[in-house]
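Not measured: the values here are computed from a predicted model. Residue numbering restarts at 1 for every chain, and letters A, B, ... go by the order of the sequence lines.
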Amino acid sequence: MARSLLGQRLVRVDRGRRLAGIIVETEAYLGIPDLAAHTSGGRRTPRNEPMWLDGGHLYVYFTYGMHHCANVVAQCRGEPVAALLRAIEPTEGLKLMYKRRHSALRDTDLCSGPAKLCAALGLDRRHSGVDLCRDKHLFIEQVRRRAFASDKIAVLPRIGVAYAKQWADKPLRFTLKDSPYVSRF
DNA sequence: TGCGTGATATTCT
DNA sequence: GAATATCACGCAG
């Protein structure tokens, strides 16, 4: 699912205004056995409760005292597997995004990181648990029917999970090759 | 390269 | 109920 999200459009309708972008970078978090996942070892807490819902729900968490990150739940209820949205290519509502991303100088700075994209779209914990398949203000539009061919996708280690022992270096990060909108790690 | 920053999980009383 | 450790990052320098 992390692969097939690439090229699809993430949309938030914020007080009537559309904010949107094409997903260009994701990371897979593989649930209970994955030492880098919030649900590692079967941990189930109020924070990560949305991870345990049906696929299509959104899990947003707050971290480092100032950042939010958003994940799309992937599997059936009870299997806490998800994809972290790491970067989008902003396509609609850039003006409002710049307002929220004070330090951004170029379009490529706007949403090129998991916390940047949340800031640009104004996503926070209020959006954790939203059902993307039903919600009218937050959803994913299908732009393409098939996932990109594998030669269009770069597969890389995940970011910021050095502590996760044997899971730290697994190739679970997917980017659209040559997109200038990916995070710059 | 080095922090800021505060919620959360975990571990203690 | 309280203390502590940790963190799926971004920015200034």
Side-chain angles (χ1 to χ4, degrees), chain A residues 1-6 10 21 23-53 55 57-75 79-90 94 96-130 132 140 153-176 179-185:
Chain A
M1 191 199 73
R3 286 171 181 273
S4 60
L5 282 175
L6 296 177
L10 176 66
I23 298 167
V24 297
E25 177 172 347
T26 61
E27 274 178 3
Y29 283 85
L30 300 186
I32 294 169
D34 184 350
L35 294 174
H38 288 175
T39 50
S40 172
R43 276 201 304 273
R44 185 167 185 161
T45 67
R47 178 173 72 150
N48 72 23
E49 187 61 28
M51 286 286 290
W52 298 84
L53 299 175
H57 284 82
L58 193 70
Y59 167 46
V60 183
Y61 65 89
F62 183 73
T63 191
Y64 292 111
M66 55 184 88
H67 300 301
H68 295 272
C69 296
N71 303 255
V72 179
V73 178
Q75 277 279 6
E79 185 159 352
V81 176
L84 170 67
L85 300 175
R86 283 197 58 87
I88 63 175
E89 170 183 343
L94 300 241
L96 182 50
M97 291 184 189
Y98 272 107
K99 217 166 177 179
R100 288 179 164 148
R101 292 265 311 120
H102 192 62
S103 63
L105 299 175
R106 296 178 301 271
D107 294 0
T108 48
D109 303 326
L110 233 31
C111 302
S112 55
K116 294 180 186 178
L117 132 203
C118 284
L121 297 187
L123 297 179
D124 58 42
R125 278 166 299 178
R126 298 195 310 271
H127 306 281
S128 196
V130 162
L132 297 171
I140 291 171
I153 298 175
V155 184
L156 304 159
R158 295 179 293 186
I159 299 297
V161 298
Y163 62 88
K165 301 180 185 165
Q166 70 269 33
W167 284 82
D169 302 319
K170 295 206 186 271
L172 293 173
R173 173 175 164 227
F174 307 93
T175 75
L176 234 36
S179 169
Y181 295 93
V182 300
S183 72
R184 63 175 161 42
F185 282 102

**Report entry** Atom-pair distance (CE on A:Met66; C1' on C:dA12), nearest Å
**Finding:** 12 Å
Report task. May I ask you to say whether A:Arg184 pairs ionically with A:Asp109, meaning some side-chain N is under 4.0 Å from a carboxylate O? Result -> no
Report task. Would you check if the side chain of A:Arg158 reaches a backbone N or O of A:Ala28 as a donor-acceptor pair within less than 3.5 Å? Result -> yes
Query - From C:dC9, C:dA8, B:dT5, nucleotide with atom closest to A:Ile159 side chain - result: C:dC9
**Report entry** A:Arg184 CZ - C:dA12 P separation (whole Å)
**Finding:** 11 Å
Requested in this report: Kindly say whether the aromatic ring centers of A:His68 and A:Tyr61 come within a distance under 6.0 Å.
Outcome: no
Query raised in the report: Counting only side-chain N and O atoms of A:Tyr163, is one of them less than 4.0 Å from OP1 or OP2 of C:dA8?
Result: yes
Requested in this report: Report yes if some heavy atom in the side chain of A:Leu58 is under 4.5 Å from a heavy atom in the side chain of A:Val73; otherwise report no.
Outcome: no
Pull out every protein N or O sitting under 3.5 Å from an N or O of nucleotides 9-13 of chain B, one pair per line with the distance.
{"residue": "B:dA9", "atom": "OP1", "partner": "A:Thr45", "partner atom": "OG1", "Å": "2.2"}
{"residue": "B:dT10", "atom": "OP1", "partner": "A:Arg43", "partner atom": "NE", "Å": "3.2"}

Report task. For A:Phe62, report the nucleic acid contact type (base, sugar-phosphate, nothing); a contact means any heavy atom under 4.0 Å. Result -> sugar-phosphate
Requested in this report: Measure from the side-chain N and O atoms of A:Thr39 to the backbone N and O of A:Pro80, and report whether any donor-acceptor pair falls under 3.5 Å.
Outcome: yes
Query raised in the report: Does a donor on one side chain and an acceptor on the other come within less than 3.5 Å for A:Glu25 and A:Ser183?
Result: yes
Query raised in the report: OH of A:Tyr64 versus P of C:dG10: gap in Å, rounded?
Result: 10 Å
Report task. For A:Ser4 and A:Met1, indicate whether the former's side chain and the latter's backbone hold a donor-acceptor pair under 3.5 Å. Result -> yes
Query raised in the report: Between A:Glu25 (CD) and C:dG10 (P), how many Å, whole number?
Result: 10 Å
Query raised in the report: Any side-chain heavy-atom pair from A:Phe62 and A:Cys69 closer than 4.5 angstrom?
Result: no
Report task. Please state how far atom NE2 in A:His67 lies from atom C1' in C:dC11, giving the value in whole angstrom units. Result -> 8 Å
Report summary line: Per the 3.5 Å Watson-Crick/G-U criterion and a run length of at least three, the stems involving DNA chain C are B:1-4 with C:9-12, B:6-12 with C:1-7
**Report entry** Base of C:dA8 paired with side chain of A:Tyr61 (donor-acceptor, under 3.5 Å)
**Finding:** yes
Query raised in the report: Roughly how many Å is it from OH in A:Tyr29 to P in C:dC7, rounded to a whole number?
Result: 12 Å
Query - Test item: A:Ser112 side-chain N/O and A:Thr108 main-chain N/O as donor-acceptor pair under 3.5 Å - result: yes
Query - N or O in side chain of A:His38 less than 4.0 angstrom from C:dA8 OP1/OP2 - result: yes
Query raised in the report: Salt bridge or not for A:Glu27 and A:Arg86, using N-O below 4.0 Å?
Result: yes
Query raised in the report: Does a donor on one side chain and an acceptor on the other come within less than 3.5 Å for A:Tyr59 and A:His38?
Result: yes
Requested in this report: Specify the separation, in whole Å, of atom NE2 of A:His68 and atom C1' of B:dT8.
Outcome: 13 Å
Report summary line: Tightest non-hydrogen contact, residues A:Ala70 and A:Cys118, listed as N-SG, 3.6 Å
Query raised in the report: Where along residues 99-127 of chain A does a heavy atom fall under 4.0 Å from DNA chain B?
Result: A:Arg125
